[in-house]
Amino acid sequence: MPNRILVTRSSMPDFDEYIDEIRDIWDSHWLTNMGPKHKALQAMLKEYMGVENIDLFTNGHMAIELTLQALNLQGEVITTPFTFASTTHAIVRNKLEPVFCDIDPVTYTIDTDQLESLITDRTSAIMPVHVYGNVCNIEAIDRIAKKYELKVIYDAAHTFGETYKGQGIGTFGDASCFSFHATKVFNTIEGGAVCFRNLSLGKKLYDLKNFGIHGPEEVSAVGANAKMNEFCAAMGICNLRHVDDQIAMRKAVVERYNSHLEGVEGIQLNAVQKDVKSNYAYYPVVFDEKVFGASRSDVFEKLSENGIGARKYFYPLTNTFSAFHGKYDVNRTPVALHISKRVLTLPLYADLSMEDVDRICEIILSCKK
Ligand SMILES: *Cc1c(COP(=O)(O)O)cnc(C)c1O
């Protein structure tokens, strides 16, 4: 059997580049707590992402969780179930009530035509997800948030390095939370960041990621521990040097996939949106069994038999998790349910070879009846 292909493969710098980068950590003995690498990466990211304000975290999940805490939200938060567990869990772990809005059938982001009908007098915020790197309907979300005085926190875990109408994606809403997990377009091994509009929110976040410690003799909030350490920051510094090349290579992979799959009946592909500079984070394909002749699961099995690990991403929907004991009615998000049953995310990473893409597509097309 040819080599096994997983859905993703973490980007890494050359070994020697990383060793060079961490050498001064040995000299200083400064391992964590906002040291020189943390500061340097923060400055580099500010520039790269085109944002005014950014803080770094131990992972994307804590970035989201602490942002919700820092905003001191109450009651209900409107979000979507077509996402990673983290988005919904962050809401619930803050003792807030997630209210699930359906998604748009083309971009898979929050359906802003339905958003307003879910707002009650208990709604305090909207947490939309730029899922697969597809940018939400920012204008509509802004308008609705203003009208009802709601906070907007974007789960921007999939949109590292993207711009919308030439503006850094982290500049929208009250805050945007990014993940730098090993599997993401840009990684710090584990890591995350919050880009925020308001400086007082930034100050709260800075304290919250360090136990709520505000000064040597003052602990002003019940914080957590979510600081990015120096080794992760050093990995980020190295990876950031190569991220543009990595994104260009991802783009070539996406275009190769498109060359095989575009126009195939029964397959819905994910198009790059107008006004968006894409990072080519994911390659989701939606299979219509009636037209294609094989289901998502048939294709998944066939790829699996050939050593290719596609992912049913995002399935199951978060509002069906057994953790919630049937609390949420999945029939209220029928489009999300429909897509989650039919979507398959294909392997995509910078050094996936064109030959492998050809082989993956050949296997997929061999399922077609
Ligand atoms: C990866 C991811 C997160 C969480 O990020 P971690 O860095 O893994 O904690 C949150 N939301 C979405 C949509 C993600 O894909």
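Nothing here was measured: the structure is a model prediction, and the numbers come from that model. Because only heavy atoms are used, hydrogens play no part in the values below, and waters and symmetry mates are left out as well, while side chains stay in. As the structure lists them, so they are numbered: ligands from 1, and atoms in each ligand from 1.
Relative to the ring axis of F160, K184 does not place its NZ or CZ within 45° and under 6.0 Å from the centre.
When the options H61, K184, H181 are ranked by their closest heavy atom to atom 2 (C) of ligand 1, first place goes to K184.
Electrostatic pairing of E17 and R241 counts as a salt bridge here, judged by a charged N lying under 4.0 Å from a carboxylate O. Using a 4.0 Å cut-off between charged nitrogen and carboxylate oxygen, K147 and E116 count as a salt-bridge pair. Under the 4.0 Å criterion applied to side-chain N and carboxylate O atoms, R256 and D358 are assigned as salt-bridge partners.
In summary, the atoms of ligand 1 found under 4.0 Å from a heavy atom of T83, numbered by their order in the structure, are 13 (C). Each of the following atoms of ligand 1 lies closer than 4.0 Å to a heavy atom of F84: 2 (C), 3 (C), 12 (C), 13 (C), 14 (C), 15 (O). Residue G191 has at least one heavy-atom neighbour below 4.0 Å for each of these atoms of ligand 1: 7 (O). Counting atoms of ligand 1 from 1 in the listed order, those under 4.0 Å from a heavy atom of S86 are 3 (C), 4 (C), 10 (C). Ligand-side atoms of ligand 1 in range of G60: 5 (O), 6 (P), 7 (O), 9 (O), range being under 4.0 angstrom from any heavy atom.
Ligand 1 has an N or O atom lying under 3.5 Å from an N or O atom of H158, backbone or side chain. In terms of polar-atom proximity, defined here as any N/O pair under 3.5 Å, F180 makes no such contact with ligand 1. The N/O atoms of S179, backbone and side chain alike, include one that comes under 3.5 Å of an N/O atom in ligand 1. Close N/O approach between D155 and ligand 1 is found [any backbone or side-chain N/O within under 3.5 Å].
Within a 6.0 Å radius of OH in Y313, other residues, nucleotides and ligands contribute more than 12 heavy atoms.
Aromatic ring centres of H214 and Y206 lie farther apart than the 6.0 Å criterion allows. Between Y108 and Y132, a ring centre-to-centre spacing shorter than 6.0 Å is recorded.
For Y313, every heavy-atom contact with ligand 1 shorter than 4.0 Å involves the side chain, none the backbone.
Here the options are T318, I91, I78, N319, the test is side chain to side chain contact (heavy atoms under 4.5 Å, CB included), and the partner is P98; only I91 passes.
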